Trainee: 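Sharing a structure here in structure tokens format.
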Amino acid sequence: MAQDYNFFDNVYDVVRQVPAGRVTSYGAIAAYLGAKRSSRVVGYAMQVAGTANPPVPAHRVVNRQGLLTGKFHFGGNTMQQLLENEGVQVEENQVQNFKEIFWDPAIELAL
DNA sequence: GAGGTGACGACCC
DNA sequence: TGGGTCGCCACCT
């Protein structure tokens, strides 16, 4: 009741903290939540992220390889356009300099 | 009500 | 070193 803060909602909270021009991975979020094996759930969360309120910048979330796996779910090249609009270089559906712009919640949100 | 699927990732053989 | 399988939580049929 009150607020069923599930793993799902927790994912949204982390993704919303991802700054523009930076990207993160499903596993990084899952690992930050203490469930790196639940990376799949993170991906599913991104699917419903479009229906979440407030909307979650799912376009900043890519897989471990930096590939825009969810690009097709956005509908066309929307995901790539959004990333490039933020200054992220995308080539062949893959984020360039991925390790450089990689935003790790386990580190950035480390307190 | 139960089973299967899914934007992934890690572990096992 | 590489391929295959399991796991995890939520949503859909």
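Chain identifiers are assigned alphabetically (A, B, ...) following the order of the sequence lines, protein sequences preceding nucleic acid strands; residue numbering begins at 1 within each chain. The structure displayed is predicted, hence computed values, not measured ones.
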Trainee: List the residues meeting ring-ring contact (aromatic ring centres under 6.0 Å, His included) with A/F74, not counting sequence neighbours, and say none if there are none.
Mentor: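 Here no residue qualifies.
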Trainee: In residues 88-101 of chain A, what residues come within less than 4.0 Å of DNA chain B, judged by heavy atoms?
Mentor: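 Those residues: none at all.
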Trainee: Do other residues, nucleotides or ligands put more than 12 heavy atoms under 6.0 Å from the CD atom of A/Q89?
Mentor: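 Atom CD in A/Q89 is not crowded, with 12 or fewer foreign heavy atoms closer than 6.0 Å.
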Trainee: Looking only at heavy atoms, which two atoms of A/M79 and A/V62 are closest? And how far apart?
Mentor: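 Shortest heavy-atom contact: CE-CG1, 4.1 Å.
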Trainee: Would you give me the side-chain donor-acceptor pairs under 3.5 Å for residues 29-58 of chain A, sequence neighbours excluded?
Mentor:
unit_1: A/T51; atom_1: OG1; unit_2: A/V48; atom_2: O; d: 2.5

Trainee: Can you tell me which residue pairs pass the side chain to side chain donor-acceptor pair (under 3.5 Å) test with a partner in residues 67-80 of chain A, sequence neighbours excluded?
Mentor: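 Pairs touching residues 67-80 of chain A that pass the test: A/Y26-A/T69, A/K71-A/N93, A/Q80-A/E84.
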Trainee: Side chains of residues 102-111 of chain A: which donor-acceptor pairs under 3.5 Å do they make with residues two or more places apart or in other chains?
Mentor:
unit_1: A/D104; atom_1: OD1; unit_2: A/A106; atom_2: N; d: 2.9

Trainee: Do A/I101 and A/V95 come close enough that some side-chain heavy atom pair is under 4.5 Å?
Mentor: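 With C-beta onward as the side chain, the pair touches.
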Trainee: May I have the distance from A/H73 (atom NE2) to B/dG6 (atom C1'), rounded to whole angstrom?
Mentor: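 Roughly 8 Å, once rounded to whole Å.
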Trainee: With salt bridge (charged side-chain N to carboxylate O under 4.0 Å, His left out) as the rule and sequence neighbours excluded, what pairs involving residues 22-35 of chain A come up?
Mentor: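 Residue pairs passing salt bridge (charged side-chain N to carboxylate O under 4.0 Å, His left out), neighbours aside: none found.
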Trainee: If you walk 5' to 3' along DNA chain C, what is the first nucleotide with an atom under 4.0 Å of a heavy atom in chain A, and what is the last?
Mentor: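 Under 4.0 Å from chain A, the extent on DNA chain C is C/dG7 to C/dC11.
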Trainee: Using a cut-off of 4.0 Å on non-hydrogen atoms, how would the nucleic acid contact of A/F72 be classed: base, sugar-phosphate, or nothing?
Mentor: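 Result for A/F72 = nothing.
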Trainee: Quick test of your reading: applying salt bridge (charged side-chain N to carboxylate O under 4.0 Å, His left out), list the pairs with at least one residue in residues 56-69 of chain A, sequence neighbours left out, ordered by first then second residue.
Mentor: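 Output for this query lists A/R60-A/E86.
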Trainee: Hey, what are the protein-to-nucleotides 9-12 of chain B N/O distances that come in under 3.5 Å?
Mentor:
unit_1: B/dG9; atom_1: OP1; unit_2: A/R64; atom_2: N; d: 2.4
unit_1: B/dG9; atom_1: OP2; unit_2: A/R64; atom_2: N; d: 3.0
unit_1: B/dG9; atom_1: O4'; unit_2: A/S39; atom_2: OG; d: 2.8

Trainee: Filter on salt bridge (charged side-chain N to carboxylate O under 4.0 Å, His left out), then keep only pairs touching residues 72-82 of chain A, sequence neighbours left out; what's left?
Mentor: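 For residues 72-82 of chain A, and leaving out neighbouring residues, there are no salt bridge (charged side-chain N to carboxylate O under 4.0 Å, His left out) pairs at all.
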Trainee: Would you mind classifying the nucleic acid contact of A/A58 as base, sugar-phosphate or nothing, using non-hydrogen atoms under 4.0 angstrom?
Mentor: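 Base contact - A/A58 has a heavy atom under 4.0 Å of at least one base atom.
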